[in-house]
Every structure is written in structure tokens, then in C-alpha cells.
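Accompanying notes for the structure given below.
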Amino acid sequence: EAGVTQFPSHSVIEKGQTVTLRCDPISGHDNLYWYRRVMGKEIKFLLHFVKESKQDESGMPNNRFLAERTGGTYSTLKVQPAELEDSGVYFCASSRANEQFFGPGTRLTVL
Amino acid sequence: AQSVTQLDSHVSVSEGTPVLLRCNYSSSYSPSLFWYVQHPNKGLQLLLKYTSAATLVKGINGFEAEFKKSETSFHLTKPSAHMSDAAEYFCVVSLGAGTASKLTFGTGTRLQVTL
């Protein structure tokens with residue numbers, strides 16, 4: 001069974017640019033989560049999809065972040081425009097119930 | 001509200017000696033508690049989970065953790081460290097068993113294993 005995959009593994013962009021991160025969950029997992037770890041801080045929850053619906057987006061930092069999950073399969077997280085403080089590692093996880101399986105993360109660097 | 005506190009940011013042990021990584025939690029509900037591990041350039045991997053069944057939980061690679069409600073603790077232990085255990089470990093809490101809900105992470109403990 002393939003695990004959670006994320007693309008790209010690394011992204012380096014300049015302040016003001018746009019970046020889109022992609023997550024492919026484990027097949028059949030209705031729940032999809034995004035988390036972020038800013039350097040030196042703990043991993044923090046961003047949002048939770050159940051199929052294509054946003055169940056909980058309480059962790060989204062501001063309206064520069066847009067997450068979508070059209071069709072209830074893969075998800076994208078767009079940052080527009082990116083700011084320096086958006087740098088960090090973005091993790092995606094998926095689950096059927098309460099055990100979440102994590103992808104390797106996307107390391108985003110905003111210069 | 002829920003939170004976890006990992007008491008040590010770095011722990012160093014010699015190969016073959018016991019490992020103890022400390023975690024205290026706070027939760028308004030009966031929590032589910034987890035330990036995840038992240039090896040360099042890898043995703044987070046679940047080591048073990050507590051979901052209100054047995055208080056002593058056994059996980060993969062010889063790790064175990066004991067849920068102590070009176071102490072609000074969920075410390076991770078292993079009798080004998082191996083070089084391959086060197087990684088970062090996260091104590092995690094979520095709402096009760098069977099609930100697909102967000103995870104709240106501790107700040108992580110980096111385990112170093114020396115010869």
C-alpha cells in the first residue's frame with residue numbers, strides 16, 4: 001500500500017511569489033490534514049478535510065493560505081503571496097479513523 | 001483545550017542503555033495519546049498509541065509508554081537503545097478514541113545514541 005506522498009519535497013521562492021504544495025493521501029482515506037512546522041517551533045495543525053469538505057480550518061494562519069481538495073482525493077495548499085514567516089516544513093497526513101499517517105513533508109523556504 | 005509538554009529537547013544515551021523520553025499532557029477530555037518518531041528526511045511514523053484501553057502500551061521497535069492519569073504523564077521508554085533509534089520523537093494528544101480530529105504536538109525530543 002502506497003503511503004502519503006507530497007510534492008515537491010523542497011521549494012525555494014522569493015517573498016511575494018506564489019507556491020502550491022500537493023498532497024496525495026492513502027487511497028480510501030477520507031480524512032486529510034495539513035500541519036506545519038516553523039523552524040524551532042512545534043508542529044501545528046492547519047486544517048482537516050473530510051472528503052472534499054473542510055471540517056476544521058481553525059489553524060490556518062491567514063487568508064494568504066488556501067487549501068482545496070476537489071473530488072475528495074488529493075489536496076493542494078497554496079500560499080499567495082508568500083512571506084518570510086511562511087518558511088517551514090509542511091506535512092500532510094491522512095486517516096480512516098484516528099490514526100494519522102504522515103507524508104515526508106515539503107520544506108518551503110521563502111527568501 | 002489540550003496540550004503536551006516534552007520536558008527535554010535533547011536526550012543523549014549510550015547504545016545498550018535505557019531510554020526515557022518524558023511527556024506530560026493536559027486535556028479537558030479523555031485523550032488519545034501518541035508517540036511519533038521522525039528519522040532524518042523521513043515522514044512521521046507512529047510508534048504507539050493510547051486510546052483508553054490498557055495503560056501500558058507497547059509499540060514498534062521495543063518502545064513502550066505508560067499512561068498515568070494521576071501524573072498526567074505518558075513517558076516513552078525502551079530498555080536498550082540502538083544506534084538506529086537516533087531520531088526526533090514527538091508526544092501527541094488528540095480528542096478521544098475513534099475521533100478523527102486534529103493532533104496537538106509537543107515540541108519534540110531529539111534522541112542521540114552514542115557508542
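Computation of the quantities below employed the complete heavy-atom set of this structure, encompassing side-chain atoms and omitting hydrogens, waters and symmetry-equivalent molecules. Within every chain, numbering begins at 1; the chains are lettered A, B, ... in the order of the sequence lines, protein sequences first and strands thereafter.
A:Q100 has its side chain out of reach of B:S94: every pair of non-hydrogen atoms, C-beta onward, lies at least 4.5 Å apart. Looking only at side-chain heavy atoms (C-beta outward), A:Y35 and B:L103 come within less than 4.5 Å of each other.
Of the atoms belonging to B:K42, it is backbone heavy atoms, and not side-chain ones, that fall under 4.5 Å from chain A. Proximity to chain B is absent for every atom of A:S9, based on heavy atoms less than 4.5 angstrom apart. Contacts between B:Q38 and chain A at a heavy-atom distance below 4.5 Å involve the side chain alone, from C-beta outward. Residue B:L46 touches chain A through its side chain alone, counting heavy-atom pairs closer than 4.5 Å.
Surrounding CG of B:N41 are at most 12 heavy atoms belonging to other residues, nucleotides or ligands under 6.0 Å away. Environment of NZ in B:K69: sparse, with no more than 12 heavy atoms of neighbouring residues, nucleotides or ligands closer than 6.0 Å. Environment of CE in B:M83: crowded, with over 12 heavy atoms of neighbouring residues, nucleotides or ligands closer than 6.0 Å.
Put simply, CZ on A:F102 and CZ on B:F90 are 9.5 Å apart, with the number rounded to the nearest 0.5 Å. B:T107 OG1 to A:R37 CZ: the interatomic distance, rounded to the nearest 0.5 Å, is 8.0 Å. In this structure, A:L46 CG and B:K102 NZ are separated by 10.5 Å, a value rounded to the nearest 0.5 Å.
If you chain together hydrophobic residues whose side chains sit under 4.5 Å apart, A:L84 and A:L77 fall into the same group. Hydrophobic clustering keeps A:I26 apart from A:Y74 (ILVMFWY residues linked when any side-chain heavy atoms are closer than 4.5 Å, directly or through intermediates). Grouping the Ile, Leu, Val, Met, Phe, Trp and Tyr side chains by contacts below 4.5 angstrom, directly or via other members, places A:L108 apart from A:V89. Under the 4.5 Å side-chain heavy-atom criterion for grouping Ile, Leu, Val, Met, Phe, Trp and Tyr, B:F74 is connected to B:V37 within one hydrophobic cluster.
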